[in-house]
Amino acid sequence: MTILVEECPGYRHITLNRPDRLNALTAEMGAALLAALEAAEAERECRAVLVSGAGRAFCAGQDLTAVAPNGGRAPDLKTLLDGYNRVIRKLRGLGLPVVCAVNGVAAGAGANLALACDIVLAGRSASFIQAFAKIGLIPDVGGTWMLPRLVGAARARGLAMLAEPLSAERAVEWGLIWQAVDDAALLDEAHGLTARLAQQATIGLGLAKRALDAAETNTLDRQLDFERDLQDQLASTADYAEGVRAFLDKRRPIFTGR
Ligand code: T3D
């Protein structure tokens, strides 16, 4: 199985599972990942997702043995990337918070898969490599979109063109990821964070994702209207009623994701 799915209370833990290849991606694995995300989204009780990698790496990007030019014939990268892009679109559009635990190197498409998640934690020994330039490609699966937005144009160009590893701590300093934690604590921290998110007002968290992504292209004027419309939707959720009631009662809210 290239992907493992564990059902945890309130959330699903998806593990990339080709540790002998540093979890390098294949078309089959991309399809399995998409199916796991779709299944998580369809399950009423699932209110968050955690993604991590098995073994010593998070993901080494595309499995290069599967895309080596053969007898001068170029591989069909278009079809391959259409598959991976569906995963990125699903992660960004998922109405649930997605935590990523980067337990080792995240290279190429593996790095950008991690960056497509909502909150990225990394072990202190982890690194992020936009490895594409080393093999004559550009950052893909959203890399050219996410990098300048996260770290600014100058750093994005340096990362894309030099393809040097960026340490987890530097990635935090640059605003690429949320937090670096001790390697030994990574999975526990990631589970704790995902469980915590799963108990929040998750419809609101899903709409916050939408609003933040829409802000990338909206004018302030359009964004104000968009925020107003989303807030208006949230006003009729049980979680909003509970949040306000709990505040007034001076108690912790019990959210149900409804
Ligand atoms: O092609 C397309 O357009 C589709 C989309 C592409 C997007 C991409 O992701 S392009 C970028 C592809 N990824 C890379 O270029 C990274 C290649 N890997 C590395 O640079 C290094 O392996 C790492 C920096 C990630 C880790 O280095 P290290 O020294 O910790 O491990 P290693 O010894 O290099 O790798 C361990 C094994 O995993 C090794 O196999 P072996 O020798 O033990 O049999 C290595 O060949 C294998 N491995 C690592 N990365 C890949 C891989 N096998 C296939 N594909 C890989 N990407």
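Heads up: numbering here begins at 1 and tracks the sequence. One-based numbering, in listed order, for ligands and for the atoms of each.
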Give the residue and atom name of whichever protein heavy atom lies nearest to [atom], and the separation in Å to one decimal.
atom                    : result
atom 54 (C) of ligand 1 : Asp63 OD1, 3.4 Å
atom 55 (N) of ligand 1 : Leu64 N, 2.9 Å
atom 37 (C) of ligand 1 : Asp20 O, 4.2 Å
atom 32 (P) of ligand 1 : Arg56 NH2, 4.0 Å
atom 4 (C) of ligand 1  : Leu80 CD2, 3.4 Å

Quiz item: Is there a heavy atom in Lys134 that sits closer than 4.0 Å to ligand 1?
Solution: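 For ligand 1, residue contact (heavy atoms, under 4.0 Å) with Lys134 is absent.
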Quiz item: Do Ala109 and ligand 1 have an N or O pair less than 3.5 Å apart?
Solution: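 Yes - when backbone and side-chain N and O of Ala109 are compared with those of ligand 1, one distance drops under 3.5 Å.
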Practice problem: Return a yes/no value for Val67: is any of its N or O atoms, backbone included, closer than 3.5 angstrom to an N or O of ligand 1? | Solution: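 In fact, backbone or side chain, Val67 has no N or O that close.
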In ligand 1, which numbered atoms sit nearer than 4.0 Å to a non-hydrogen atom of [X]?
X      : answer
Ala131 : 14 (C), 15 (O)
Phe132 : 7 (C), 8 (C), 9 (O), 10 (S)
Gly61  : 9 (O)
Ile135 : 10 (S), 11 (C)
Leu137 : 1 (O), 3 (O)
Asp140 : 3 (O), 5 (C), 6 (C), 7 (C)

Heavy atoms only, cut-off 4.0 Å: how does [X] contact ligand 1, side chain, backbone, both, or neither?
X      : result
Leu77  : side chain
Val141 : neither
Leu25  : neither

Quiz prompt | From CG (Leu113) to OH (Tyr84), nearest 0.5 Å | solution = 10.0 Å
For [atom], which of [options] has the closest heavy atom?
atom                    : options                      : answer
atom 27 (O) of ligand 1 : Ile138, Leu22, Leu81, Ile129 : Leu22
atom 56 (C) of ligand 1 : Arg21, Lys78, Gln130, Gln62  : Gln62
atom 16 (C) of ligand 1 : Pro19, Gly143, Ala60         : Ala60

Quick one: does [atom] have a protein heavy atom under 4.0 Å from it?
atom                    : value
atom 14 (C) of ligand 1 : yes
atom 1 (O) of ligand 1  : yes
atom 40 (O) of ligand 1 : yes

Check this for me, if you would: do [X] and [Y] make a salt bridge, where the nitrogen-to-carboxylate-oxygen distance has to be below 4.0 angstrom?
X      : Y      : result
Asp225 : Arg222 : no
Asp118 : Arg92  : no
Asp249 : Arg251 : yes
Arg21  : Asp63  : no
Glu45  : Arg12  : no

Quiz item: For the hydrophobic clusters of this structure (ILVMFWY residues joined by side-chain heavy atoms under 4.5 Å, transitively), does one cluster hold both Val102 and Val49?
Solution: yes
Quiz item: Would Leu80 end up clustered with Val141 when hydrophobic side chains under 4.5 Å apart are linked, directly or stepwise?
Solution: yes
Quiz prompt | side chain to side chain donor-acceptor pair (under 3.5 Å) assessment of Thr79 paired with Asp82 | solution = CA-CA 5 Å; Thr79 304; Asp82 277 344; 5.5 Å; no
Do the side chains of [Y] and [X] get nearer than 4.5 Å, heavy atoms only?
X      : Y      : result
His13  : Glu7   : no
Thr202 : Pro97  : yes
Arg258 : Thr237 : no

Quiz item: So, Asp183 versus Ser125: side-chain donor-acceptor pair below 3.5 Å or not?
Solution: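 The answer is yes; a qualifying pair exists.
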Exercise. With side chain to side chain donor-acceptor pair (under 3.5 Å) as the test, would you mind laying out the steps for Asn112 and Gln130 before giving the verdict?
Key: CA-CA 8 Å; Asn112 296 336; Gln130 294 294 323; 2.8 Å; yes
